[in-house]
Amino acid sequence: MTSLVNLIAISSAENQPTSTIRTRVNASSAEITNGSNASVARVATNGFGSATGGEKEKKVAEAAAIIAKSKIVCFDVDSTVIREEGIDELAAFCGKGAEVSRLSRLTREAMQGSMTFQDALRKRLEIINPSQQEIWEFVKGHPSTLSTGLKEFIEHLKSRNVEIFLVSGGFDCLIEPVAEELGIPTENIYANKLFFTFKGKYAGFDTNQPTSRSGGKAEAINKIKKMVDENATITMIGDGATDLEASPPANYFIGYGGNIVREEVRNRSTYYITNFSQLIADF
């Protein structure tokens, strides 16, 4: 029997285009969701994927007012808190970037209902097959980049004693350094976990984690509400369809398009911003 040791979390690729990697924004039109076939658009950038124009934004002042009354704010991570898509970067680091990119067909099957989200995740991870050593080297050599205005916005939330959570299909091993930089407790991270054998070989992922399956972010938010305050106003911020689908149970959803604009998400969002500084307001 395979021995399983050392849990490390990695991304579920739920909101990612299959070829968005760090400094080059090259989004495909595929997205792993359990629903619609969302298109992905490149945004006007300042050289690193941050939106510079206001034509994509919706009800920014109202979104800032929602934040002002929120007691809990939950963030997606990939392409929201950070500019990268973790599973794409890890795949490229492990020499499997092209193979993972070819999984767009499987992504479409997942969206059409012939493959579960968890199955699509499993197939991607089987291709990447990351060892524990590769994970460590990747984390050390490829620090994530915070999105524009994010750090100042986090400080603003902290000054108002807002509870902050990272609810992501992303890599815990990547998210934890980001959380540390932002001063967010690691127990406020909801993400997927990898299993490794005692020799450090990839041995699967924890299918019991809510973010490993469709509807998992909503499940995580329900847990947060019960843990913190069931009557508290909670807002979810993210770039992808699974973030949008987390409201309800979140009271509000604010779409974010500072790195990638997913048109289906923008169209369905009541509030949409492209820079976190837009959410800083005193009421």
Side-chain angles (χ1 to χ4, degrees), residues 5-16 32 70-90 117-118 121 125 130 132 135-136 138-140 142-147 150-151 153-155 157-158 161-196 204-229 232 234-240 242-243 245-247 249-250 253-254 256 259 276:
V5 298
N6 296 324
L7 294 180
I8 290 184
I10 96 165
S11 174
S12 69
E14 60 192 330
N15 294 322
Q16 59 206 21
I32 295 183
S70 296
K71 300 302 181 184
I72 305 169
V73 176
C74 299
F75 293 85
D76 175 43
V77 177
D78 289 350
S79 293
T80 298
V81 168
I82 63 173
R83 293 174 174 179
E84 300 84 10
E85 287 287 339
I87 202 165
D88 288 337
E89 293 222 358
L90 179 63
F117 177 83
Q118 204 166 79
L121 170 60
L125 290 176
Q132 194 172 48
I135 293 289
W136 285 337
F138 176 73
V139 171
K140 183 178 180 180
H142 294 74
S144 299
T145 310
L146 297 179
S147 294
L150 186 279
K151 195 165 188 176
F153 179 49
I154 293 293
E155 292 303 316
L157 294 177
K158 287 181 184 178
N161 297 315
V162 174
E163 293 278 355
I164 303 168
F165 290 83
L166 303 179
V167 182
S168 173
F171 307 0
D172 236 1
C173 58
L174 302 184
I175 294 171
E176 287 181 2
V178 174
E180 182 178 359
E181 181 178 357
L182 295 172
I184 298 172
T186 55
E187 58 265 30
N188 287 16
I189 299 172
Y190 285 76
N192 296 314
K193 299 184 183 298
L194 279 182
F195 293 136
F196 296 94
F205 62 96
D206 187 354
T207 58
N208 292 318
Q209 292 295 317
T211 52
S212 73
R213 52 185 177 265
S214 301
K217 291 190 176 183
E219 184 179 341
I221 287 178
N222 269 327
K223 290 183 177 182
I224 291 168
K225 292 187 80 168
K226 291 178 181 178
M227 179 180 65
V228 179
D229 181 354
I234 182 168
T235 298
M236 179 72 193
I237 302 175
D239 67 286
T242 55
D243 307 314
E245 292 162 2
S247 176
F253 171 74
I254 298 174
Y256 175 71
N259 297 309
F276 286 107

* Structure fact -> Nearest heavy-atom contact between Val162 and Ser70 is CG2-O, 3.7 Å
* Take Asp76 and Val167 through the test side-chain contact (heavy atoms from CB on, under 4.5 Å) and record every step on the way to the result. => CA-CA 5 Å; Asp76 175 43; Val167 182; over 6 Å; no
* Structure fact -> Output for pair (Ile254 CD1, Thr80 OG1), nearest 0.5 Å, gives 12.0 Å
* To do: Begin from the C-alpha positions of Phe165 and Ile224 and carry the test side-chain contact (heavy atoms from CB on, under 4.5 Å) through to its verdict.
  => CA-CA 8 Å; Phe165 290 83; Ile224 291 168; 3.6 Å; yes
* **Heavy-atom pair with the smallest gap, counting every atom of Glu155 and Leu182** => OE2-O, 4.4 Å
* Can you find a heavy atom in the side chain of Pro210 that is under 4.5 Å from one in the side chain of Lys223? -> yes
* **Straight-line distance of Glu89 CD to Ile82 CD1, nearest 0.5 Å** => 7.5 Å
* Side chain of Asn188, backbone of Ile164: donor and acceptor closer than 3.5 Å? -> yes
* Asked: Is the NZ atom of Lys71 crowded by more than 12 outside heavy atoms at less than 6.0 Å?
  -> no
* Under a 4.5 Å cut-off applied to non-hydrogen side-chain atoms, are Glu84 and His142 in contact? -> no
* Asked: Taking atom CG of Asn222 and atom CD of Glu219, what is their separation to the nearest 0.5 Å?
  -> 8.0 Å
* Asked: So how far is it from Phe205 CZ to Leu121 CG, rounded to the nearest 0.5 Å?
  -> 4.0 Å
* Report yes if some heavy atom in the side chain of Tyr190 is under 4.5 Å from a heavy atom in the side chain of Ile175; otherwise report no. => no
* Using a distance-only test with no angle check, is there a side-chain donor-acceptor pair under 3.5 angstrom linking Ser147 and Asn259? -> yes
* side-chain contact (heavy atoms from CB on, under 4.5 Å) assessment of Glu176 paired with Val139 -> CA-CA 10 Å; Glu176 287 181 2; Val139 171; over 6 Å; no
* Structure fact -> Taken to the nearest 0.5 Å, the spacing of Leu90 CG from Ile135 CD1 works out to 4.5 Å
* Parallel, tilted or perpendicular: which fits the ring planes of Phe153 and Phe75, with parallel below 30° and perpendicular above 60°? -> perpendicular
* Given the rule in the side-chain contact (heavy atoms from CB on, under 4.5 Å) test, do Lys217 and Asp243 qualify, once you have shown the distances and angles that lead to the verdict? -> CA-CA 7 Å; Lys217 291 190 176 183; Asp243 307 314; 2.4 Å; yes
* **Reported CD-to-OG1 distance for the pair Glu180 and Thr186, which is rounded to 0.5 angstrom** => 9.5 Å
* Structure fact -> What one should report as the nearest heavy-atom pair of Cys74 and Ile221 is SG-CG1, 4.3 Å
* **Pairwise side-chain contact, Asp239 with Asp78, heavy-atom cut-off 4.5 Å (strictly under)** => no
* Search all heavy atoms of Pro249 against all heavy atoms of Lys225 and return the closest pair with its distance. => O-NZ, 3.3 Å
* To do: Mind listing the closest non-hydrogen atom pair of Phe253 and Ile237 along with its distance?
  => CE1-C, 4.4 Å
* **Beyond-backbone contact of Val228 with Ile234, side-chain heavy atoms, under 4.5 angstrom** => no
* Identify the two heavy atoms, one from Gly86 and one from Phe138, that lie closest to each other, and give their separation to 0.1 Å. => O-CZ, 4.5 Å
